[in-house]
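Below: one structure, written as structure tokens.
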Amino acid sequence: MRWPINYAFSSLSIHRLRHLIRQCSRHHSSPDLATKLHALLITTGLLAFRDTFLGNALLHLYAARGSFTYAHQLFDEIPNSHKDAADWTALMGCFALHGIPQNGLRLFVEMRREGVRVDDVALVCVYKTCALLGNVEFGKGSHGFLEKIGLSSSVKVCNAVMDMYVKCRLLSEAKRVFENMDERSVVSWTVILDGEVSLGSVGSGRMVFDVMPEKNEVAWTIMLVGYIANGFTRDGFSLLVEMVFGCGLELNYVTLSSTLSACALSGDLMMGRWVHVYALKTMEKKVDIMVETALLDMYAKCGRVDTARKVFDNLSIKNVVAWNAMLSGLAMHGRGKAVLDLFLHMVKETKPDDLTFTSLLSACSHSGLVKEGQYYFYNLELLYGIRPKIEHYACMVDLLGRAGHLAEAEVLIRKMPMPPNEVVLGSLLGSCSIHGKLELGERVIKELIQLDPHNTEYHILLSNMYALEGKRDQANCLRHVLKNKGIRKAPGISSIYVKGQVHQFCAGDKFHPLITEVYAMLDEMIRRLRLVGYVPNTASQVFHGCDTTGKNNTYDEVEEIEQALFSHSEKLALCFGLLTTRAGSPLYIFKNLRICIDCHSAMKIASTVYNREIVVRDRNRFHCFKQGSCSCSDYW
DNA sequence: ATAGGGTTAG
């Protein structure tokens, strides 16, 4: 749109200008243009003519394309008598778009106070805002209000209400609204599909998918992402084939990037690669920046950090999101030095944001770069104008704690301008466990239980600390507390991709079709590992039976603990990989929890004994085992 | 007199 500015300058009629502004709102013109037009209106004095609705038009332009600060300013400049529902809604939507929905809700309250007539579009916007905030209170109390203003049967309003319930994880409430609707659109069905897939199960989602009277690419994407994110590769792939080759649907950038995120989540490299090829074929060198970044992220989270780097190096434009994705990928892989190095390149081209520093600090933490981490943390505000958020404090507590500076970590927590959350305290507890600081650990867990009473991990950490100190009574006691509360440890599950098929194992698995062979391999592996010095780490484990008589684990108990250690899901996945893949090829294993100490040392030795590169992604990061050592340098 | 604001995949 190069012509409008000149056109406007040559013909300053209000009519033309208003038309011009509307054109700008509609077309995806640059935010810059809004600024130029605004300046033009001020310098010509035209903005003073309130009756012409120029201000309103400009408000809509800024709300749609520009910054919310200016939109807000313009909104305030227009007298309330000249504002109608559309103006209020525009600003509310603008707040939602810019991640400050709480302002939107405040605006709605003000709008009601001003006595502006609320219509369906305004309500859709309010429910969207509630969905973003996870605030269901407003919606719950609004049914009477909807009836009163005659909007209780508006399909669009009902869709927004259902979406709010789904986003607030109240599927049954959403379904209740759905049942009561006289008329349902494709969006109504899609919202329920989304709810069923993300809150119910993929299977029940599929039932909705199959009975939908009409489905568009949104529904297909929801179903596809549901399959991939939950590890149902085969079902996901056949759906994709049906979508592309059966229905002839083209995958747009949203479908591509959300599919890639799902691949990253479940570690589905095969599907990720398919999407990469598809994107290259259909987009002819002009792959969308969002898709490219999602590709980068997918490769990094599937353990291919070097491929991720190649994608990154080939990016035509590198925005802050792309830089952050690359930094966090390297950080996850424990490449602390590479992160610091890349950051220095980044600041020459792009202004870093808060996420950049979360990656940077976590990289320092994972690599034990205490000095460097402290330098960036203490200069965040001074050099980069970023006020430290709780995430940054959490990284620093982790960094200091892991390095053994527990007192310093605790001082930092007490000095934080916000109360510590479970991430901060959890990482302090983790450090207590590494460094055997039992007294501090006991204090920290008391605070943690207040914050998150149902978390099992903290109890287990402390219980293992007691066990290490030989305090078996306390350790058992803690486990009994958990048992009595009916809290169970989340089961450890490891998966491994072999020949395009995902294989899942749980601890002590009995269900895998090749489980007999896997256990035979496990016996053989343990024997070979012992020969080169592997000693099962039984000290940190507590016998799970109810015996509280002896001070130390008896011989039989030790044996039982050993067996439990050996059948950890990651060891089973490893043995399956060793059995079914070519000698010397690398193995990629994904675990839903953190890898345990014993498995970590077993993997190191196995990487030498079997001459394999073993990459394990746990809940926090990657461990790349090669020739007897791990990329994390045992610092995790 | 008048357009403008909005719901489902990220």
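The basis for the numbers below is simple: all heavy atoms, side chains too, and nothing from hydrogens, waters or symmetry mates. Order of the sequence lines sets the chain letters (A, B, ...), proteins ahead of strands, with each chain counted from 1.
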Establish, with yes or no, whether the OP1 or OP2 oxygen of dA9(B) is under 4.0 angstrom from a side-chain nitrogen or oxygen of K167(A). yes
What nucleotide, of dG5(B), dT8(B), dT7(B), holds the atom closest to the side chain of V121(A)? dG5(B)
Given dT7(B), dG5(B), dT8(B), identify the nucleotide with an atom nearest to the side chain of V191(A). dT8(B)
When you measure from the side chain of S261(A), which nucleotide among dG5(B), dT7(B), dG10(B) comes out closest? dG10(B)
Round to a whole Å and report the spacing from CD of E217(A) to P of dG10(B). 13 Å
Could you check, using the six-membered ring where one of them is a Trp, whether H72(A) and Y62(A) have ring centers closer than 6.0 angstrom? no
Among the candidates dG5(B), dG4(B), dT8(B), find the nucleotide nearest to the side-chain atoms of D163(A). dT8(B)
How close or far is atom P of dT2(B) from atom CD1 of I78(A), stated in whole angstroms? 20 Å
Quick one: list whatever passes side-chain hydrogen bond (donor to acceptor under 3.5 Å, both in side chains) with R234(A), sequence neighbours left out. Q501(A)
Of all the nucleotides listed (dG5(B), dA9(B), dG6(B)), which has the minimum atom distance to the side chain of N252(A)? dA9(B)
In terms of side-chain heavy atoms of V124(A), which of dG6(B), dG5(B), dA9(B) is nearest? dG6(B)
Listed nucleotide nearest any side-chain atom of S258(A), set dG4(B), dG10(B), dT7(B): dG10(B)
On the nucleotide dG5(B), are OP1 or OP2 found under 4.0 Å from the side-chain N or O atoms that K83(A) carries? no
Could you state the atom-to-atom distance from CG of L61(A) to C1' of dA3(B) in whole Å? 13 Å
With the side chain of N56(A) defined as its heavy atoms from C-beta on, choose the nearest nucleotide among dG5(B), dT8(B), dG4(B). dG4(B)
Looking only at dT8(B), dG5(B), dG10(B), the nucleotide nearest the Y253(A) side chain is dG10(B)
Starting at CG of L224(A) and ending at C1' of dG10(B), how long is that distance when rounded to a whole Å? 13 Å
Checking Y165(A) against F178(A) for the ring pair (Phe, Tyr, Trp, His ring centres under 6.0 Å) test, could you report, in this order, the C-alpha distance in whole Å, the side-chain angles of both residues, the deciding distance, and whether it holds? CA-CA 11 Å; Y165(A) 281 132; F178(A) 185 78; over 10 Å; no
For Y253(A), give me all partners under ring pair (Phe, Tyr, Trp, His ring centres under 6.0 Å), at least two apart in sequence or on another chain. none
Are F138(A) and F108(A) an aromatic pair, judged by ring center distance below 6.0 Å? yes
Selected nucleotide, minimal atom distance to D87(A) side chain, candidates dG6(B), dA9(B), dG4(B): dG4(B)
